[in-house]
Amino acid sequence: MSSSAGLNEFDPHYEETFDNSHVYYEEMRRSCPVAHSEAFGGFWALFKYEDVLRVQTDSRTFSTAEKNVVPPATRNQGRRPPLHFDPPEHDKYRRPITPVFSKSRMLTLEPSLARYADELLTPLVEAGRFDFTLDFAEYFAARGFGLVLKLPQEMMWRSREVQVQYYRAQTAMDKPRIIEMSDRLYDIAREIVAQRKADPQDPKEDLVSALLFAGDSGEPIPEDEVVGSIRQFLSAAQAAPGAVLGSIAVHLARDHSLQERLRRNPDRIPDAVEEFLRLYAPYRVFARTAVEDTEIGGRLIPAGEPITMNFPSANRDAEVFVNPHEFDMDRTPNKHIAFGRGAHRCPAASLARLELRVALTALLSMTSSFELAGPVKMADWLEFGPSSTPLAVVSA
Ligand code: HEM
(Lines give C-alpha, C1' and ligand atoms only; values in the text may rest on other atoms or scores of the structure.)
Protein backbone atom coordinates (compact mmCIF):
# COMPACT_ATOMS: atom_id res chain seq x y z
CA MET A 1 0.00 0.00 0.00
CA SER A 2 1.50 3.36 -0.98
CA SER A 3 0.46 6.98 -0.52
CA SER A 4 0.83 9.53 -3.30
CA ALA A 5 -0.41 12.65 -1.55
CA GLY A 6 1.47 15.56 -3.11
CA LEU A 7 1.73 13.83 -6.48
CA ASN A 8 0.00 15.27 -9.53
CA GLU A 9 -1.13 12.12 -11.31
CA PHE A 10 -4.32 13.58 -12.75
CA ASP A 11 -4.83 17.11 -14.06
CA PRO A 12 -8.40 18.27 -14.70
CA HIS A 13 -7.13 21.55 -16.22
CA TYR A 14 -6.95 20.85 -19.96
CA GLU A 15 -8.96 22.06 -22.89
CA GLU A 16 -11.86 19.65 -22.93
CA THR A 17 -13.47 18.56 -26.20
CA PHE A 18 -16.54 16.38 -26.58
CA ASP A 19 -14.31 13.31 -26.99
CA ASN A 20 -10.93 13.81 -25.35
CA SER A 21 -11.92 13.25 -21.70
CA HIS A 22 -13.09 9.74 -22.42
CA VAL A 23 -9.72 8.92 -24.00
CA TYR A 24 -7.95 10.42 -20.97
CA TYR A 25 -10.17 8.54 -18.49
CA GLU A 26 -9.60 5.24 -20.30
CA GLU A 27 -5.87 5.78 -19.93
CA MET A 28 -6.35 6.60 -16.22
CA ARG A 29 -8.41 3.41 -15.66
CA ARG A 30 -5.56 1.44 -17.22
CA SER A 31 -2.55 3.16 -15.71
CA CYS A 32 -3.64 4.94 -12.51
CA PRO A 33 -7.27 4.23 -11.53
CA VAL A 34 -6.88 5.80 -8.07
CA ALA A 35 -5.03 9.04 -8.73
CA HIS A 36 -3.98 12.06 -6.74
CA SER A 37 -4.31 15.56 -8.18
CA GLU A 38 -2.80 18.79 -6.92
CA ALA A 39 -5.57 20.82 -8.56
CA PHE A 40 -8.27 22.62 -6.56
CA GLY A 41 -6.29 22.34 -3.32
CA GLY A 42 -5.57 18.60 -3.77
CA PHE A 43 -7.93 15.66 -4.21
CA TRP A 44 -8.12 11.99 -5.12
CA ALA A 45 -9.94 10.81 -8.24
CA LEU A 46 -11.49 7.36 -8.72
CA PHE A 47 -11.92 6.16 -12.29
CA LYS A 48 -13.08 2.55 -12.01
CA TYR A 49 -16.71 1.49 -11.62
CA GLU A 50 -16.00 -0.85 -8.71
CA ASP A 51 -14.13 1.81 -6.70
CA VAL A 52 -16.79 4.48 -7.33
CA LEU A 53 -19.52 2.05 -6.30
CA ARG A 54 -17.67 1.08 -3.12
CA VAL A 55 -17.32 4.71 -2.01
CA GLN A 56 -20.95 5.45 -2.92
CA THR A 57 -22.31 2.60 -0.88
CA ASP A 58 -20.11 2.86 2.24
CA SER A 59 -21.25 6.03 3.97
CA ARG A 60 -19.72 4.93 7.26
CA THR A 61 -16.20 5.27 5.90
CA PHE A 62 -16.84 7.88 3.21
CA SER A 63 -18.62 10.95 4.52
CA THR A 64 -20.28 13.94 2.84
CA ALA A 65 -20.36 15.91 6.08
CA GLU A 66 -17.08 17.63 5.27
CA LYS A 67 -15.73 17.86 1.71
CA ASN A 68 -18.32 16.53 -0.70
CA VAL A 69 -17.46 18.37 -3.88
CA VAL A 70 -14.24 19.41 -5.66
CA PRO A 71 -13.52 22.31 -6.01
CA PRO A 72 -14.91 22.85 -2.53
CA ALA A 73 -18.32 24.53 -2.31
CA THR A 74 -18.88 27.19 0.27
CA ARG A 75 -20.97 26.35 3.31
CA ASN A 76 -21.34 30.01 4.20
CA GLN A 77 -24.76 29.44 5.73
CA GLY A 78 -24.15 25.97 7.14
CA ARG A 79 -24.52 22.43 5.79
CA ARG A 80 -27.16 21.97 3.11
CA PRO A 81 -29.43 18.94 3.39
CA PRO A 82 -29.66 16.31 2.12
CA LEU A 83 -26.22 16.11 0.51
CA HIS A 84 -24.10 17.39 3.38
CA PHE A 85 -25.47 14.93 5.94
CA ASP A 86 -24.52 11.28 6.44
CA PRO A 87 -26.95 8.49 7.35
CA PRO A 88 -28.67 8.06 9.73
CA GLU A 89 -29.06 11.87 10.07
CA HIS A 90 -29.53 12.07 6.29
CA ASP A 91 -32.69 9.88 6.44
CA LYS A 92 -34.63 12.65 8.13
CA TYR A 93 -34.22 14.86 5.04
CA ARG A 94 -34.59 12.17 2.38
CA ARG A 95 -37.78 10.65 3.81
CA PRO A 96 -40.03 13.60 2.88
CA ILE A 97 -38.23 14.23 -0.45
CA THR A 98 -38.48 10.77 -2.02
CA PRO A 99 -42.30 10.60 -2.51
CA VAL A 100 -42.42 14.06 -4.12
CA PHE A 101 -40.25 12.73 -6.98
CA SER A 102 -42.03 9.39 -7.40
CA LYS A 103 -42.24 8.14 -10.97
CA SER A 104 -46.04 8.27 -10.99
CA ARG A 105 -46.10 11.86 -9.79
CA MET A 106 -43.45 12.93 -12.31
CA LEU A 107 -45.54 11.40 -15.11
CA THR A 108 -48.38 13.80 -14.26
CA LEU A 109 -46.04 16.64 -15.29
CA GLU A 110 -45.49 15.15 -18.74
CA PRO A 111 -48.24 17.04 -20.64
CA SER A 112 -47.11 20.45 -19.31
CA LEU A 113 -43.47 19.67 -19.97
CA ALA A 114 -44.21 18.40 -23.49
CA ARG A 115 -46.20 21.55 -24.23
CA TYR A 116 -43.33 23.66 -23.02
CA ALA A 117 -40.83 21.74 -25.19
CA ASP A 118 -43.04 22.35 -28.25
CA GLU A 119 -43.45 26.05 -27.48
CA LEU A 120 -39.74 26.53 -27.00
CA LEU A 121 -38.65 24.48 -30.01
CA THR A 122 -41.21 25.60 -32.62
CA PRO A 123 -39.66 29.02 -33.43
CA LEU A 124 -36.14 27.60 -33.17
CA VAL A 125 -36.85 24.80 -35.62
CA GLU A 126 -38.56 27.27 -37.98
CA ALA A 127 -35.46 29.46 -37.88
CA GLY A 128 -33.42 26.42 -39.04
CA ARG A 129 -30.39 27.19 -36.85
CA PHE A 130 -30.11 27.60 -33.11
CA ASP A 131 -28.00 26.75 -30.11
CA PHE A 132 -29.56 23.67 -28.56
CA THR A 133 -27.89 24.26 -25.18
CA LEU A 134 -28.26 28.04 -24.83
CA ASP A 135 -31.62 28.47 -26.57
CA PHE A 136 -33.32 25.29 -25.42
CA ALA A 137 -31.74 22.88 -22.92
CA GLU A 138 -30.96 25.37 -20.15
CA TYR A 139 -34.45 26.89 -20.20
CA PHE A 140 -36.06 23.50 -20.43
CA ALA A 141 -34.20 22.09 -17.39
CA ALA A 142 -35.08 25.16 -15.33
CA ARG A 143 -38.70 24.79 -16.38
CA GLY A 144 -38.81 21.12 -15.31
CA PHE A 145 -37.89 21.94 -11.74
CA GLY A 146 -40.09 25.04 -11.83
CA LEU A 147 -43.04 22.76 -12.56
CA VAL A 148 -42.19 20.49 -9.64
CA LEU A 149 -41.97 23.47 -7.29
CA LYS A 150 -44.83 25.31 -9.02
CA LEU A 151 -42.59 28.36 -9.28
CA PRO A 152 -43.08 31.36 -11.52
CA GLN A 153 -40.74 31.13 -14.51
CA GLU A 154 -39.19 34.48 -13.63
CA MET A 155 -37.86 33.00 -10.39
CA MET A 156 -36.35 30.02 -12.18
CA TRP A 157 -34.55 32.23 -14.72
CA ARG A 158 -33.28 34.39 -11.86
CA SER A 159 -31.94 31.37 -10.02
CA ARG A 160 -30.40 30.04 -13.24
CA GLU A 161 -28.55 33.34 -13.80
CA VAL A 162 -27.16 33.35 -10.26
CA GLN A 163 -26.34 29.65 -10.48
CA VAL A 164 -24.19 30.21 -13.59
CA GLN A 165 -22.27 33.01 -11.82
CA TYR A 166 -21.88 30.80 -8.76
CA TYR A 167 -20.40 28.01 -10.88
CA ARG A 168 -17.98 30.36 -12.61
CA ALA A 169 -16.77 31.67 -9.27
CA GLN A 170 -16.39 28.12 -7.97
CA THR A 171 -14.28 27.03 -10.94
CA ALA A 172 -12.09 30.12 -10.49
CA MET A 173 -11.99 29.41 -6.72
CA ASP A 174 -12.87 33.08 -6.19
CA LYS A 175 -14.03 32.85 -2.57
CA PRO A 176 -15.61 36.32 -2.07
CA ARG A 177 -17.60 35.92 -5.29
CA ILE A 178 -18.61 32.33 -4.38
CA ILE A 179 -20.01 33.60 -1.09
CA GLU A 180 -21.79 36.51 -2.77
CA MET A 181 -23.50 34.22 -5.30
CA SER A 182 -24.26 31.54 -2.73
CA ASP A 183 -25.94 34.20 -0.56
CA ARG A 184 -28.06 35.23 -3.53
CA LEU A 185 -29.17 31.63 -4.08
CA TYR A 186 -30.06 31.49 -0.38
CA ASP A 187 -32.13 34.67 -0.80
CA ILE A 188 -34.13 33.02 -3.60
CA ALA A 189 -34.58 29.85 -1.52
CA ARG A 190 -35.75 31.96 1.43
CA GLU A 191 -38.28 33.72 -0.80
CA ILE A 192 -39.65 30.35 -1.97
CA VAL A 193 -39.95 28.97 1.57
CA ALA A 194 -41.66 32.15 2.86
CA GLN A 195 -44.14 32.00 0.00
CA ARG A 196 -44.95 28.33 0.71
CA LYS A 197 -45.24 28.94 4.45
CA ALA A 198 -47.87 31.53 3.68
CA ASP A 199 -49.63 29.17 1.27
CA PRO A 200 -48.92 25.55 2.36
CA GLN A 201 -49.66 22.71 -0.08
CA ASP A 202 -50.05 18.95 0.00
CA PRO A 203 -46.72 17.60 1.38
CA LYS A 204 -47.05 14.53 -0.86
CA GLU A 205 -46.86 16.81 -3.89
CA ASP A 206 -44.94 19.87 -2.86
CA LEU A 207 -41.25 19.65 -1.97
CA VAL A 208 -41.17 22.74 0.25
CA SER A 209 -44.30 21.77 2.19
CA ALA A 210 -42.97 18.19 2.47
CA LEU A 211 -39.80 19.48 4.13
CA LEU A 212 -41.52 22.10 6.28
CA PHE A 213 -44.17 19.76 7.63
CA ALA A 214 -42.24 16.50 7.63
CA GLY A 215 -45.32 14.61 8.82
CA ASP A 216 -46.08 11.91 11.37
CA SER A 217 -43.15 9.65 10.60
CA GLY A 218 -40.61 12.45 10.27
CA GLU A 219 -39.12 14.90 12.70
CA PRO A 220 -39.89 18.54 11.95
CA ILE A 221 -37.09 20.14 9.97
CA PRO A 222 -35.98 23.58 11.15
CA GLU A 223 -36.81 26.34 8.69
CA ASP A 224 -33.19 27.37 8.04
CA GLU A 225 -32.45 23.76 7.04
CA VAL A 226 -35.44 23.74 4.68
CA VAL A 227 -34.01 26.90 3.12
CA GLY A 228 -30.60 25.18 2.84
CA SER A 229 -32.24 22.19 1.19
CA ILE A 230 -34.11 24.28 -1.40
CA ARG A 231 -30.85 26.13 -2.04
CA GLN A 232 -29.25 22.71 -2.69
CA PHE A 233 -32.04 21.73 -5.06
CA LEU A 234 -31.89 25.01 -6.99
CA SER A 235 -28.28 24.18 -7.91
CA ALA A 236 -28.72 20.45 -8.49
CA ALA A 237 -31.87 20.73 -10.61
CA GLN A 238 -30.54 22.90 -13.38
CA ALA A 239 -27.03 21.79 -14.15
CA ALA A 240 -27.09 18.11 -15.05
CA PRO A 241 -30.17 17.76 -17.29
CA GLY A 242 -29.01 20.61 -19.55
CA ALA A 243 -25.52 19.09 -19.82
CA VAL A 244 -26.82 15.62 -20.72
CA LEU A 245 -29.32 17.05 -23.22
CA GLY A 246 -26.49 18.88 -24.99
CA SER A 247 -24.42 15.68 -25.15
CA ILE A 248 -27.40 13.78 -26.59
CA ALA A 249 -27.85 16.43 -29.29
CA VAL A 250 -24.16 16.23 -30.26
CA HIS A 251 -24.25 12.42 -30.39
CA LEU A 252 -27.37 12.36 -32.58
CA ALA A 253 -26.16 15.20 -34.80
CA ARG A 254 -23.19 12.96 -35.64
CA ASP A 255 -25.29 9.82 -36.15
CA HIS A 256 -28.12 10.32 -38.63
CA SER A 257 -28.99 6.63 -38.80
CA LEU A 258 -29.65 6.62 -35.05
CA GLN A 259 -31.83 9.73 -35.46
CA GLU A 260 -33.81 7.86 -38.09
CA ARG A 261 -34.06 4.71 -36.02
CA LEU A 262 -35.48 6.63 -33.06
CA ARG A 263 -37.89 8.61 -35.24
CA ARG A 264 -39.22 5.32 -36.60
CA ASN A 265 -39.31 3.69 -33.14
CA PRO A 266 -40.12 6.34 -30.53
CA ASP A 267 -40.93 3.54 -28.07
CA ARG A 268 -37.16 2.96 -27.89
CA ILE A 269 -36.46 6.50 -26.67
CA PRO A 270 -36.44 5.46 -22.95
CA ASP A 271 -33.77 2.80 -23.70
CA ALA A 272 -31.82 5.34 -25.71
CA VAL A 273 -32.00 7.79 -22.78
CA GLU A 274 -30.51 5.16 -20.43
CA GLU A 275 -27.65 4.52 -22.82
CA PHE A 276 -27.05 8.27 -23.25
CA LEU A 277 -26.96 8.62 -19.46
CA ARG A 278 -24.34 5.88 -19.33
CA LEU A 279 -22.21 7.44 -22.08
CA TYR A 280 -22.57 11.06 -20.98
CA ALA A 281 -22.90 11.07 -17.19
CA PRO A 282 -22.20 14.69 -16.30
CA TYR A 283 -20.67 14.60 -12.83
CA ARG A 284 -17.09 14.11 -11.74
CA VAL A 285 -17.11 16.70 -8.94
CA PHE A 286 -19.05 14.84 -6.25
CA ALA A 287 -16.73 13.69 -3.49
CA ARG A 288 -16.48 11.98 -0.14
CA THR A 289 -13.99 12.36 2.67
CA ALA A 290 -12.61 9.25 4.34
CA VAL A 291 -13.23 9.39 8.09
CA GLU A 292 -10.11 7.26 8.70
CA ASP A 293 -7.04 6.24 6.70
CA THR A 294 -8.37 3.85 4.06
CA GLU A 295 -7.07 1.75 1.20
CA ILE A 296 -8.60 1.93 -2.26
CA GLY A 297 -7.07 -0.04 -5.12
CA GLY A 298 -3.81 -0.46 -3.21
CA ARG A 299 -3.42 3.26 -2.46
CA LEU A 300 -3.52 4.73 1.02
CA ILE A 301 -6.07 7.53 1.21
CA PRO A 302 -5.38 9.57 4.33
CA ALA A 303 -8.36 10.59 6.48
CA GLY A 304 -9.68 14.07 5.66
CA GLU A 305 -8.68 14.21 1.96
CA PRO A 306 -11.48 14.59 -0.61
CA ILE A 307 -12.08 11.72 -3.06
CA THR A 308 -14.00 12.45 -6.27
CA MET A 309 -16.08 9.80 -8.02
CA ASN A 310 -15.71 10.08 -11.77
CA PHE A 311 -19.09 8.82 -13.02
CA PRO A 312 -18.37 9.41 -16.75
CA SER A 313 -15.31 7.18 -16.39
CA ALA A 314 -17.02 4.50 -14.26
CA ASN A 315 -19.81 4.20 -16.83
CA ARG A 316 -17.28 3.30 -19.55
CA ASP A 317 -15.29 0.76 -17.53
CA ALA A 318 -14.65 -2.23 -19.83
CA GLU A 319 -14.68 -4.56 -16.81
CA VAL A 320 -18.42 -3.86 -16.47
CA PHE A 321 -19.62 -2.76 -19.93
CA VAL A 322 -18.90 -4.64 -23.17
CA ASN A 323 -17.71 -2.24 -25.91
CA PRO A 324 -17.98 0.61 -23.42
CA HIS A 325 -17.65 3.50 -25.89
CA GLU A 326 -20.37 2.18 -28.19
CA PHE A 327 -23.98 3.31 -28.07
CA ASP A 328 -26.04 0.14 -27.64
CA MET A 329 -29.64 0.61 -26.60
CA ASP A 330 -30.12 -3.16 -26.32
CA ARG A 331 -27.63 -3.27 -23.45
CA THR A 332 -29.23 -5.41 -20.73
CA PRO A 333 -28.78 -4.94 -17.92
CA ASN A 334 -27.55 -1.38 -18.26
CA LYS A 335 -25.98 -0.93 -14.83
CA HIS A 336 -24.86 2.67 -15.34
CA ILE A 337 -24.43 4.81 -12.24
CA ALA A 338 -25.07 8.25 -13.72
CA PHE A 339 -27.49 8.94 -10.84
CA GLY A 340 -25.19 7.46 -8.20
CA ARG A 341 -26.02 4.69 -5.72
CA GLY A 342 -26.55 4.34 -2.02
CA ALA A 343 -27.88 6.92 0.40
CA HIS A 344 -27.27 10.00 -1.79
CA ARG A 345 -28.41 8.55 -5.13
CA CYS A 346 -30.25 11.22 -7.08
CA PRO A 347 -33.73 11.68 -5.62
CA ALA A 348 -34.89 13.33 -8.85
CA ALA A 349 -33.85 10.59 -11.31
CA SER A 350 -37.49 10.17 -12.44
CA LEU A 351 -37.77 13.88 -13.19
CA ALA A 352 -34.44 13.89 -15.04
CA ARG A 353 -35.45 10.84 -17.11
CA LEU A 354 -38.77 12.48 -17.96
CA GLU A 355 -37.06 15.72 -19.01
CA LEU A 356 -34.61 13.87 -21.25
CA ARG A 357 -37.33 11.72 -22.83
CA VAL A 358 -39.72 14.61 -23.46
CA ALA A 359 -37.02 16.89 -24.91
CA LEU A 360 -35.62 14.16 -27.14
CA THR A 361 -39.08 13.18 -28.38
CA ALA A 362 -39.84 16.80 -29.27
CA LEU A 363 -36.53 17.35 -31.07
CA LEU A 364 -36.86 14.17 -33.14
CA SER A 365 -40.52 14.62 -34.00
CA MET A 366 -40.21 18.26 -35.03
CA THR A 367 -37.22 17.71 -37.32
CA SER A 368 -36.52 15.36 -40.19
CA SER A 369 -32.76 15.70 -39.59
CA PHE A 370 -30.24 17.85 -37.79
CA GLU A 371 -26.50 18.31 -37.76
CA LEU A 372 -23.86 20.39 -36.04
CA ALA A 373 -23.60 23.89 -37.46
CA GLY A 374 -20.39 24.96 -35.74
CA PRO A 375 -17.93 23.98 -33.03
CA VAL A 376 -19.29 22.47 -29.82
CA LYS A 377 -17.99 24.31 -26.74
CA MET A 378 -17.72 22.38 -23.52
CA ALA A 379 -18.73 23.54 -20.04
CA ASP A 380 -16.05 23.12 -17.42
CA TRP A 381 -14.96 20.54 -14.87
CA LEU A 382 -18.18 21.05 -12.88
CA GLU A 383 -20.24 19.29 -15.56
CA PHE A 384 -19.32 17.10 -18.50
CA GLY A 385 -21.44 18.42 -21.37
CA PRO A 386 -21.59 21.24 -23.90
CA SER A 387 -22.00 24.90 -23.00
CA SER A 388 -22.85 25.62 -26.65
CA THR A 389 -24.33 23.23 -29.24
CA PRO A 390 -24.98 24.95 -32.58
CA LEU A 391 -27.45 22.94 -34.67
CA ALA A 392 -28.75 23.25 -38.22
CA VAL A 393 -32.12 21.53 -38.47
CA VAL A 394 -34.54 20.55 -41.22
CA SER A 395 -38.08 20.80 -39.95
CA ALA A 396 -40.33 17.74 -40.25
C1 HEM B 1 -29.48 13.98 -15.80
C2 HEM B 1 -29.72 14.61 -14.67
C3 HEM B 1 -29.11 14.29 -13.32
C4 HEM B 1 -28.02 13.52 -13.00
C5 HEM B 1 -27.13 12.72 -13.95
C6 HEM B 1 -27.89 13.56 -11.55
C7 HEM B 1 -26.92 12.89 -10.84
C8 HEM B 1 -26.80 12.87 -9.47
C9 HEM B 1 -25.83 12.13 -8.72
C10 HEM B 1 -24.71 11.28 -9.33
C11 HEM B 1 -26.07 12.33 -7.40
C12 HEM B 1 -25.29 11.71 -6.22
C13 HEM B 1 -24.30 12.67 -5.63
C14 HEM B 1 -23.42 12.05 -4.59
O15 HEM B 1 -23.51 10.84 -4.34
O16 HEM B 1 -22.60 12.78 -4.01
C17 HEM B 1 -27.20 13.23 -7.30
C18 HEM B 1 -27.73 13.69 -6.11
C19 HEM B 1 -28.69 14.67 -6.04
N20 HEM B 1 -29.43 15.17 -7.10
FE21 HEM B 1 -29.27 14.67 -9.05
N22 HEM B 1 -28.87 14.36 -11.03
C23 HEM B 1 -29.64 14.83 -12.08
C24 HEM B 1 -30.75 15.66 -11.98
C25 HEM B 1 -31.23 16.19 -10.82
C26 HEM B 1 -32.37 17.06 -10.73
C27 HEM B 1 -33.25 17.48 -11.91
C28 HEM B 1 -32.50 17.39 -9.41
C29 HEM B 1 -33.54 18.25 -8.72
C30 HEM B 1 -34.75 18.47 -9.15
C31 HEM B 1 -31.44 16.73 -8.67
C32 HEM B 1 -31.25 16.81 -7.31
C33 HEM B 1 -30.31 16.09 -6.59
C34 HEM B 1 -30.12 16.21 -5.13
C35 HEM B 1 -30.87 17.12 -4.19
C36 HEM B 1 -29.10 15.31 -4.79
C37 HEM B 1 -28.55 15.03 -3.40
C38 HEM B 1 -29.29 13.84 -2.80
C39 HEM B 1 -28.81 13.40 -1.41
O40 HEM B 1 -27.77 13.85 -0.94
O41 HEM B 1 -29.52 12.60 -0.79
N42 HEM B 1 -30.70 16.00 -9.56
N43 HEM B 1 -27.64 13.54 -8.58
Side-chain angles (χ1 to χ4, degrees), residues 46 52-59 62-70 73 79-87 89-98 100-101 105-106 109 113 137-138 140-149 151 156 159-160 163 189 207-208 210-211 228-248 273-274 276-289 306-312 314-315 336-357 359-360 382-385:
L46 306 181
V52 171
L53 202 58
R54 177 181 152 205
V55 168
Q56 282 266 287
T57 51
D58 178 1
S59 2
F62 303 104
S63 166
T64 59
E66 249 191 83
K67 300 161 190 160
N68 76 300
V69 66
V70 171
R79 286 197 281 158
R80 294 188 280 275
L83 193 54
H84 300 175
F85 289 80
D86 293 317
E89 226 184 334
H90 172 260
D91 303 349
K92 166 171 111 181
Y93 306 105
R94 269 303 281 256
R95 213 181 295 115
I97 291 172
T98 306
V100 176
F101 288 97
R105 172 153 151 63
M106 289 304 105
L109 305 178
L113 206 53
E138 293 192 351
F140 185 73
R143 178 68 175 162
F145 188 53
L147 276 176
V148 172
L149 274 193
L151 287 184
M156 288 309 297
S159 76
R160 171 78 211 173
Q163 172 66 25
L207 180 64
V208 186
L211 288 163
S229 189
I230 297 303
R231 151 78 177 81
Q232 169 87 252
F233 267 94
L234 283 174
S235 296
Q238 303 192 57
V244 179
L245 273 176
S247 296
I248 293 176
V273 162
E274 289 311 303
F276 285 132
L277 280 162
R278 183 185 72 81
L279 284 173
Y280 303 116
Y283 285 129
R284 46 220 166 160
V285 291
F286 283 126
R288 299 288 185 268
T289 308
I307 311 160
T308 58
M309 300 160 293
N310 193 313
F311 294 105
N315 276 349
H336 75 75
I337 46 172
F339 292 115
R341 282 279 174 85
H344 296 281
R345 75 195 170 283
C346 184
S350 292
L351 171 65
R353 287 187 164 108
L354 176 72
E355 290 175 352
L356 300 179
R357 180 166 62 74
L360 184 52
L382 295 183
E383 289 156 29
F384 175 88

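Counting starts at 1 for both ligands and their atoms, in listed order.
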- prompt: Numbering the atoms of ligand 1 from 1, which are under 4.0 Å from a heavy atom of Phe145?
  reply: 30 (C)
message: With heavy-atom distances below 4.5 Å as the criterion, would you say the side chains of Leu234 and Gln163 are in contact?
response: no
- prompt: Of the backbone atoms (N, CA, C, O) and the side-chain heavy atoms from C-beta on, which set of Phe311 has a member under 4.0 Å from an atom of ligand 1: side chain, backbone, both, or neither?
  reply: side chain
field: Where ligand 1 meets Pro82 - atom numbers and elements under 4.0 angstrom, heavy-atom basis
entry: 38 (C), 39 (C), 40 (O), 41 (O)
message: For atom 37 (C) of ligand 1, which of the options Thr98, Val273, Leu83 provides the nearest non-hydrogen atom?
response: Leu83
His344, Arg288, Gln56, Arg94: member with heavy atom nearest to atom 16 (O) of ligand 1: Arg288
- prompt: Could you walk me through whether Ser63 and Asp86 pass the side chain to side chain donor-acceptor pair (under 3.5 Å) check?
  reply: CA-CA 6 Å; Ser63 166; Asp86 293 317; 2.6 Å; yes
query: With a 4.5 Å heavy-atom cut-off, do Gln238 and Glu138 have their side chains touching?
result: no
- request: Kindly identify the option in Gly385, Ala236, Pro347, Ala352 whose heavy atom sits closest to atom 19 (C) of ligand 1.
  value: Pro347
message: Measuring only between side-chain heavy atoms, which start at C-beta, is Met156 closer than 4.5 Å to Arg143?
response: no
- prompt: With a 4.0 Å heavy-atom cut-off (strictly under), which part of Phe339 contacts ligand 1: side chain, backbone, both or neither?
  reply: both
statement: Closest non-hydrogen atoms of Glu383 and Ala243, given as atom of the first, atom of the second and distance, are OE1-CB, 3.8 Å
statement: If you compare Phe233, Tyr280, Phe286, Phe384 by their heavy atoms, the one closest to atom 35 (C) of ligand 1 turns out to be Phe233
Nearest heavy atoms of Pro81 and Gly228, plus distance in Å: CD-C, 4.0 Å
field: Any Glu66 side-chain heavy atom under 4.5 Å of His84 side chain
entry: no
field: ligand 1 to Gln232 polar contact by distance, N or O atoms, under 3.5 Å
entry: no
query: When you look for heavy atoms under 4.0 Å from ligand 1, do you find them on the side chain of Ile97, its backbone, both, or neither?
result: neither
message: Only heavy atoms of Ala338, strictly under 4.0 Å: list the atoms of ligand 1 that pass.
response: 5 (C), 7 (C), 10 (C)
- request: Would you mind listing which atoms of ligand 1 come within a distance below 4.0 Å of any non-hydrogen atom of Pro282?
  value: 5 (C)
message: If you define the side chain from C-beta out and look only at heavy atoms, does anything of Arg284 sit under 4.5 Å from Phe311?
response: no
field: Aromatic contact, Phe233 with Phe101 (centres under 6.0 Å)
entry: yes
- prompt: Between OG1 of Thr308 and CG of Asn68, what distance do you get to the nearest 0.5 Å?
  reply: 12.0 Å
query: Is the NZ or CZ atom of Arg79 positioned over Phe85's six-membered ring, under 6.0 angstrom from the centre and within 45° of the axis?
result: yes
- prompt: Which ligand 1 atoms, with their elements, are less than 4.0 angstrom from a heavy-atom of Ala348?
  reply: 26 (C), 28 (C), 29 (C), 30 (C), 31 (C)
- prompt: Short N/O distance, under 3.5 Å, between Arg345 and ligand 1?
  reply: no
- request: Under 4.0 Å, heavy atoms only, figure out whether ligand 1 is touched by the backbone of Ala237, its side chain, both or neither.
  value: both
- prompt: To which of Ala349, Cys346, Ala243 does the heavy atom nearest atom 20 (N) of ligand 1 belong?
  reply: Cys346
task: Looking only at distances, please establish whether an N/O atom of ligand 1 is found under 3.5 Å from an N/O atom of His90.
output: yes
query: Please state which protein non-hydrogen atom is closest to atom 3 (C) of ligand 1 and give its distance, to 0.1 Å?
result: Ala240 CB, 3.4 Å
